[in-house]
Amino acid sequence: MRLKTFHAKTMSAVMDQVRAEMGPDAIIISIEEGKGVGGVRVTAALEAGATPPPPPRAPDTEQTPLAFEISHPIPKMREFDSADISAILNHHGLPFETASHLGEAARATDAASLAEAFSTALETSIRFSPLTDRTSRPVMLVGPPGAGKTVCTAKLTADAVLHERRTRVISTDTVKAGGVQQLDHFASLMKQTVSTADSPGELAALVNGRAGADITLIDTPGTNPFDMAELEELLKFIRAVDAEPVLVLPAGLDPLDAQEIAGVFSKMGCQRFIATRLDAARRYASVIMAARPGFLSLAAISRSPYIADGLEPASPMTLARLITALPSRRKEAPNRK
């Protein structure tokens, strides 16, 4: 795998660099934005065997009959039309205002494919902020019951172990039957141990009493976003260790419910979310609505319940390929035994 970092003032400019040098098979590993970066910095990878685009041809020194074509390149031939864009938007059931915005943005591009058109549209409509294991704050996975927080904790642990990061794993899910046991089973396979904390004080003692970890991951019990008592209890745990709460949200929810849940957890301190169960849903309006401006940035996606499959860093193209792959175009999923 070949890695390279690109830097530009805008996301569009840096993605043009990635496509030009590494081609359409490039995988986005990380995206950094902010004042400290001075624009946008993207790290991309190219799998072994993938073919990067050919180097640009040097301009001819002599005048040729093709001079006009060279200075005025032929526009890309589109593989789709406006009806295809409408079909995608209708399939996912986006609210009218958001669908109109995305549709106009997709139609305004000169992209050759639907995925490219929606990638550009998504880039201008929602925010992306991939997770990184280089953080001094503990990462606390929060969200509604059954969202997949424990599996995401295990996947993040596996990734950290793979990259030889010293990892501390803690669970506050000590009430639900089997909550800690599930995480402990996953951790033991990776030769990691899971500590438990029944209270904010115990959590603070665990986090502050053991130095030397590169990353601390905290699994939490499911929190009803519409139950004030549960939210207040969760907030005590977050504040006890100054954790970064990261929302885990399953795909397939009603889009307005997803937007409201994202709004609730943003007030709890969440800035990013992980979209899970994309393999068990066929409509992703909830993912887009949770990441609309004023709510949360999409950090990663999970398309499998298996720990070995890991989390995929979120990017405009990753999400665009998902939403443009209508069921009729999908390959049959293999039977799981």
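Owing to the predicted nature of the structure, the values given are computational and were not obtained by experimental measurement. Atoms considered below: every heavy atom in the structure, side chains included; atoms not considered: hydrogens, waters and symmetry mates.
Remark: side-chain polar atoms of Thr223 are not paired, donor with acceptor, to backbone N or O of Glu230 under 3.5 angstrom. Distance alone, capped at 3.5 Å, places no donor-acceptor pair between the Ser119 side chain and the Ala115 backbone. Judged by distance alone, the side chain of Thr172 and the main-chain N or O of Asp219 form a donor-acceptor pair under 3.5 Å. Looking only at distances, a side-chain donor or acceptor of Asp84 sits under 3.5 Å from a matching main-chain atom of Asp81. In this structure a side-chain-to-backbone donor-acceptor pair under 3.5 Å is missing from Arg272 to Leu298. Within the 3.5 Å criterion, the main-chain N or O of Ala285 finds no donor-acceptor partner in the side chain of His92. Looking only at distances, no side-chain donor or acceptor of His101 sits under 3.5 Å from a matching main-chain atom of Ser125. Not one N or O on the side chain of Lys236 forms a donor-acceptor pair closer than 3.5 Å with the backbone of Gly201. Side-chain atoms of Arg127 do not come within 3.5 Å of backbone N or O of Ala291 as any donor-acceptor pair. Listed for the Asn208 side chain is a donor-acceptor partner under 3.5 Å among the backbone atoms of Ala204.
Here the side chains of Val287 and Phe273 are in contact, with some heavy-atom distance below 4.5 Å. In this structure, Met289 and Pro95 have side chains that are in contact, with non-hydrogen atoms separated by less than 4.5 Å. Glu116 places none of its side-chain heavy atoms less than 4.5 Å from the side chain of Thr109. Residues Arg321 and Ser315 have side chains not in contact (no heavy-atom distance under 4.5 Å, counting atoms from C-beta outward). At a threshold of 4.5 Å between non-hydrogen side-chain atoms, the residues Pro225 and Phe265 count as touching. Between Val161 and Thr157, the closest side-chain pair of non-hydrogen atoms falls below 4.5 Å. Between Leu296 and Leu249, every side-chain heavy-atom pair lies at or beyond the 4.5 Å cut-off. No side-chain heavy atom of Leu102 sits less than 4.5 Å from a side-chain heavy atom of Ile88.
Of all heavy-atom pairs between Gly148 and Val248, the closest is C-CG1, 4.0 Å. The shortest non-hydrogen separation linking Val142 to Thr220 is CA-OG1, 3.6 Å. Considering all non-hydrogen atoms of both residues, Ile215 and Ala160 come closest at CG2-CB, 4.1 Å. Heavy-atom minimum distance, Thr318 versus Glu312: CG2-OE1, 4.2 Å. Residues Ala117 and Ala111 approach most closely at N-CB, 3.5 Å, considering heavy atoms. Pairing each heavy atom of Ala213 with each of Thr216, the nearest pair is CB-OG1, 4.4 Å.
One distance of note links CD1 of Ile274 with SG of Cys152; it measures 4.5 Å at 0.5 Å rounding. Atom CG of Asp173 sits about 10.5 Å away from atom CG of Asp198, to the nearest 0.5 Å. The CG atom of Leu206 sits 7.5 Å away from atom OG1 of Thr196, with the distance rounded to the nearest 0.5 Å. Note that CZ of Arg107 and CD1 of Ile85 are 5.0 Å apart. Values are rounded to the nearest 0.5 Å. For the atom pair OH (Tyr284) and NE2 (His91), the distance works out to 8.0 Å, reported to the nearest 0.5 Å. Rounded to the nearest 0.5 Å, atoms OG (Ser297) and CG (Leu131) are 10.5 Å apart.
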Determine, stepwise, if the pair Lys267 / Leu231 fulfils side chain to side chain contact (heavy atoms under 4.5 Å, CB included).
-> CA-CA 10 Å; Lys267 294 177 182 177; Leu231 292 172; over 6 Å; no
Can you list the steps and then say if Leu141 with Leu217 is a side chain to side chain contact (heavy atoms under 4.5 Å, CB included)?
-> CA-CA 8 Å; Leu141 300 185; Leu217 300 170; over 6 Å; no
Does the pair Val169 and Met190 meet the rule for a side chain to side chain contact (heavy atoms under 4.5 Å, CB included), with working shown?
-> CA-CA 12 Å; Val169 185; Met190 296 176 272; over 6 Å; no
Take Gln271 and Ser129 through the test side chain to side chain contact (heavy atoms under 4.5 Å, CB included) and record every step on the way to the result.
-> CA-CA 9 Å; Gln271 296 182 343; Ser129 180; over 6 Å; no
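Under a hydrophobic clustering in which Ile, Leu, Val, Met, Phe, Trp and Tyr are joined whenever their side-chain heavy atoms come within less than 4.5 Å, directly or via other members, Leu278 and Leu94 fall into the same cluster. Criterion: ILVMFWY side-chain heavy atoms under 4.5 Å apart, direct or through other members. Under it, Leu189 and Leu162 are not part of a common hydrophobic cluster. Under a hydrophobic clustering in which Ile, Leu, Val, Met, Phe, Trp and Tyr are joined whenever their side-chain heavy atoms come within less than 4.5 Å, directly or via other members, Val151 and Ile301 fall into different clusters. Neither Phe6 nor Met317 shares a network with the other; the hydrophobic side chains, linked directly or stepwise wherever heavy atoms of I, L, V, M, F, W or Y lie under 4.5 Å apart, form separate groups for each. When hydrophobic clusters are built by joining Ile, Leu, Val, Met, Phe, Trp and Tyr residues whose side-chain heavy atoms come closer than 4.5 Å, directly or via intermediates, Val264 is grouped together with Ile288.
The residues Asp214 and Arg166 are annotated as salt-bridged, a charged nitrogen and a carboxylate oxygen being separated by less than 4.0 angstrom.
Annotation for Gln17: atom CD counts as buried by contact number, over 12 foreign heavy atoms lying within 6.0 Å.
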